[in-house]
Amino acid sequence: MMSDSAPILLTGGSQRLGLHCVKRFLANDQSMIISYRQERPEVAELRKLGVHCIQADFATEQGILNFIAAIKAYTPALRAIIHNASLWISEDGADSDAFKQMMNVHVLAPYLINQHCAALLQQSPQADIIHISDDVTRRGSAKRIAYSASKAGLDNLTLSFAASLAPQIKVNTIAPALIMLHPDDDAAYQRRATAKSVLGTVPGPEVIYQSLRYLLDTPYVTGTTLTVNGGRHLK
Ligand SMILES: NC(=O)C1=CN([C@@H]2O[C@H](COP(=O)(O)OP(=O)(O)OC[C@H]3O[C@@H](n4cnc5c(N)ncnc54)[C@H](OP(=O)(O)O)[C@@H]3O)[C@@H](O)[C@H]2O)C=CC1
Ligand SMILES: Nc1nc2c(c(=O)[nH]1)N=C([C@H](O)[C@@H](O)CO)CN2
């Protein structure tokens, strides 16, 4: 039986960390809405589980505004908005197209969705916005300059929206590092990547669900960043 609380919106819920967290919320009787960009078997699976799945591409402002209209048409209230959708593309020198796309997905989309959907969150007795950023913003990235800059913009949205939406809505960041590898990551890459943290593991997506659960359940945390990086900052 689904809880009688308002649904949680998680963007980019059709694979990897987002898909895992959606399934864990469902297992705890939490109703869910997701955005997805590409149709996948996992989206059909989530529909069968009762998830309202909305196709959206945040690379353009119109795509973001179309998504917002679909959210408002579907529900009068939201328990939380989890901004998980992300574009992690390699940059070839002065790649303004990659820069603009990642800025739209990581900054413009959360900005517009938060501004237009705050009223839906205010219908819920407990309300949260959670931005999924990246520990990389702590130091920047020589190889992914535009990606890191766009995630730094997302980090800053947390501070502004936390101040603007208090006390009704809490706003926080989760800053992960190396949670899941990719199928084409070879053993040498995995060794190098895990050596960057003092805990030296690749934990898998459950640590992100645990982090989401903490931020949703605690009443006295806002405007902060929960770093989930295996102690990378200690190396
Ligand atoms: N995986 C990790 O180890 C780490 C992850 N993170 C962050 O955690 C979050 C989840 O990571 P992960 O699961 O690996 O992310 P993914 O790379 O799997 O991206 C999540 C989803 O974002 C969607 N997306 C991509 N571009 C767009 C777009 N233009 N419009 C709308 N949706 C889009 C994708 O949809 P589709 O598949 O349909 O294209 C994808 O399913 C991300 O914010 C990521 O930056 C941070 C550090 C480490
Ligand atoms: N949108 C994404 N962002 C990130 C990913 C990903 O797969 N999608 N992966 C990482 C990893 O930590 C990478 O840095 C090491 O494999 C970072 N961000």
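Note that ligands are numbered from 1 as they come in the structure, with each ligand's atoms numbered from 1 the same way.
When only non-hydrogen protein atoms are considered, atom 8 (N) of ligand 2 lies nearest to Trp88 CB, 3.7 Å. Scanning the protein for heavy atoms near atom 18 (N) of ligand 2, the closest one is Tyr147 OH, 2.9 Å. Looking only at protein heavy atoms, the nearest one to atom 1 (N) of ligand 2 is Ser86 OG, 2.8 Å. Atom 38 (O) of ligand 1 has its closest protein heavy atom at Gln38 N, 2.7 Å. The shortest contact between atom 3 (O) of ligand 1 and any protein heavy atom is with Ile179 N, 2.8 Å. For atom 25 (C) of ligand 1, the closest non-hydrogen atom of the protein is Ser86 O, 3.1 Å. Protein heavy atom nearest atom 11 (O) of ligand 1, with residue, atom name and distance: Leu17 CD2, 3.8 Å. At the shortest separation from atom 40 (C) of ligand 1 among protein heavy atoms lies Gln15 NE2, 3.6 Å. When only non-hydrogen protein atoms are considered, atom 16 (O) of ligand 2 lies nearest to Tyr189 OH, 2.9 Å. Ranking protein heavy atoms by distance to atom 8 (O) of ligand 1, first place goes to Ile132 CG2, 3.3 Å.
Comment: Glu206 engages Arg24 in a salt bridge, judged by a side-chain N to carboxylate O separation of less than 4.0 angstrom.
The distance criterion of under 3.5 Å between nitrogen or oxygen atoms is not met by Val105 with respect to ligand 1. At a 3.5 angstrom cut-off on N or O pairs, Leu178 counts as close to ligand 2. Among the atoms of Phe58, some N or O lies under 3.5 angstrom from an N or O of ligand 1. For Leu87, no nitrogen or oxygen atom sits less than 3.5 Å from a nitrogen or oxygen atom of ligand 1, counting backbone and side chain alike. Considering backbone and side-chain atoms together, Ala177 places no N or O closer than 3.5 Å to any N or O of ligand 1. Where the criterion is an N or O separation shorter than 3.5 Å, residue side chain and backbone included, Arg40 meets it with respect to ligand 1. Ligand 1 has no N or O atom lying under 3.5 Å from any N or O atom of Ser35, backbone or side chain. At a 3.5 angstrom cut-off on N or O pairs, Arg16 counts as close to ligand 1.
Side chain to side chain, Gln55 and Arg37 fail the donor-acceptor criterion of an N or O pair below 3.5 Å. For Asp155 and Thr137, the side-chain atoms include at least one donor-acceptor pair closer than 3.5 Å.
Residue contact annotation: Phe67 has no non-hydrogen atom under 4.0 Å from ligand 1. Distances shorter than 4.0 angstrom do not occur between any heavy atom of His83 and any atom of ligand 1. Ligand 1 lies out of reach of Gly63, whose nearest heavy atom is not under 4.0 Å from it.
In this structure, atom 34 (C) of ligand 1 is not in close contact with the protein, since no protein heavy atom lies within 4.0 Å of it.
Each of the following atoms of ligand 2 lies closer than 4.0 Å to a heavy atom of Asp134: 17 (C), 18 (N). Atoms of ligand 1 lying under 4.0 Å from at least one heavy atom of Ala59, given by number and element, are 29 (N). For ligand 1 and Asp57, the ligand atoms under 4.0 Å from any heavy atom of the residue are 28 (C), 29 (N), 30 (N). The ligand atoms of ligand 1 that sit less than 4.0 angstrom from a heavy atom of Leu178 are 3 (O), 48 (C). The ligand atoms of ligand 1 that sit less than 4.0 angstrom from a heavy atom of Ala56 are 30 (N), 31 (C). Below 4.0 Å from some heavy atom of Ala85 lie the following atoms of ligand 1, by number and element: 22 (O), 32 (N). Of all the atoms in ligand 1, the ones that sit under 4.0 Å from a non-hydrogen atom of Ser133 are 7 (C), 46 (C). For ligand 1 and Tyr147, the ligand atoms under 4.0 Å from any heavy atom of the residue are 45 (O). Each of the following atoms of ligand 1 lies closer than 4.0 Å to a heavy atom of Ser14: 38 (O), 41 (O).
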(Q) With salt bridge (charged side-chain N to carboxylate O under 4.0 Å, His left out) as the criterion, how do Arg16 and Glu42 come out once you've worked through the C-alpha distance, each side chain's angles and the decisive distance to 0.1 Å? (A) CA-CA 10 Å; Arg16 294 167 59 81; Glu42 290 83 356; over 6 Å; no
Q. Could you walk me through whether Asp128 and Lys170 pass the salt bridge (charged side-chain N to carboxylate O under 4.0 Å, His left out) check?
A. CA-CA 5 Å; Asp128 288 83; Lys170 296 186 276 116; 2.6 Å; yes
**Q.** His131/Thr158 under side chain to side chain donor-acceptor pair (under 3.5 Å): CA gap, chis, key distance, verdict
**A.** CA-CA 7 Å; His131 298 131; Thr158 291; 2.7 Å; yes
Q: Please test Asp186 against Gln190 for side chain to side chain donor-acceptor pair (under 3.5 Å), starting from the C-alpha separation and ending with a verdict.
A: CA-CA 6 Å; Asp186 60 22; Gln190 182 165 342; over 6 Å; no
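Ring-plane geometry between Phe25 and Tyr209 is classed as perpendicular, the angle between the planes exceeding 60 degrees on a 0 to 90 degree scale with a lower cut at 30.
The environment of Asp92 atom CG is sparse: at most 12 non-hydrogen atoms of other residues, nucleotides or ligands sit within 6.0 angstrom. A 6.0 Å sphere centred on NZ of Lys48 holds no more than 12 heavy atoms belonging to other residues, nucleotides or ligands.
Atom 6 (C) of ligand 2 has its nearest heavy-atom neighbour, among Lys151, His182, His106, in His182. Counting heavy atoms only, Asn84 comes closest to atom 42 (C) of ligand 1 of the residues Val136, Ile208, Asn84, Val228.
Contact annotation for Ala109 and ligand 1: no heavy atom of the residue comes within less than 4.0 Å of the ligand.
The only option from Gln38, Glu39, Arg40 that meets the side-chain hydrogen bond (donor to acceptor under 3.5 Å, both in side chains) definition with Tyr36 turns out to be Glu39. Paired with Ser150 under the rule side-chain hydrogen bond (donor to acceptor under 3.5 Å, both in side chains), one option of Arg144, His106, Gln101 passes, and it is His106.
The backbone N or O of Ile130 lies less than 3.5 Å from no partner atom in the side chain of Asn172, so there is not a single donor-acceptor pair. Lys100 contributes no side-chain N or O that, together with a main-chain N or O of Ala59, makes up a donor-acceptor pair within less than 3.5 Å. Under the 3.5 Å distance criterion, the side-chain polar atoms of Lys23 are left unmatched by any main-chain donor or acceptor of Leu46. A side-chain donor-acceptor contact under 3.5 Å links Thr194 to the backbone of Arg191.
Checked against the 6.0 Å centroid threshold, Tyr189 and His182 do not count as a close aromatic pair.
Cluster annotation: Ile132 and Ile169 are assigned to distinct hydrophobic clusters (Ile/Leu/Val/Met/Phe/Trp/Tyr, side-chain heavy-atom contacts under 4.5 Å, transitive). The hydrophobic cluster containing Val228 does not contain Leu154, counting ILVMFWY residues as joined when their side-chain heavy atoms lie under 4.5 angstrom apart, directly or transitively.
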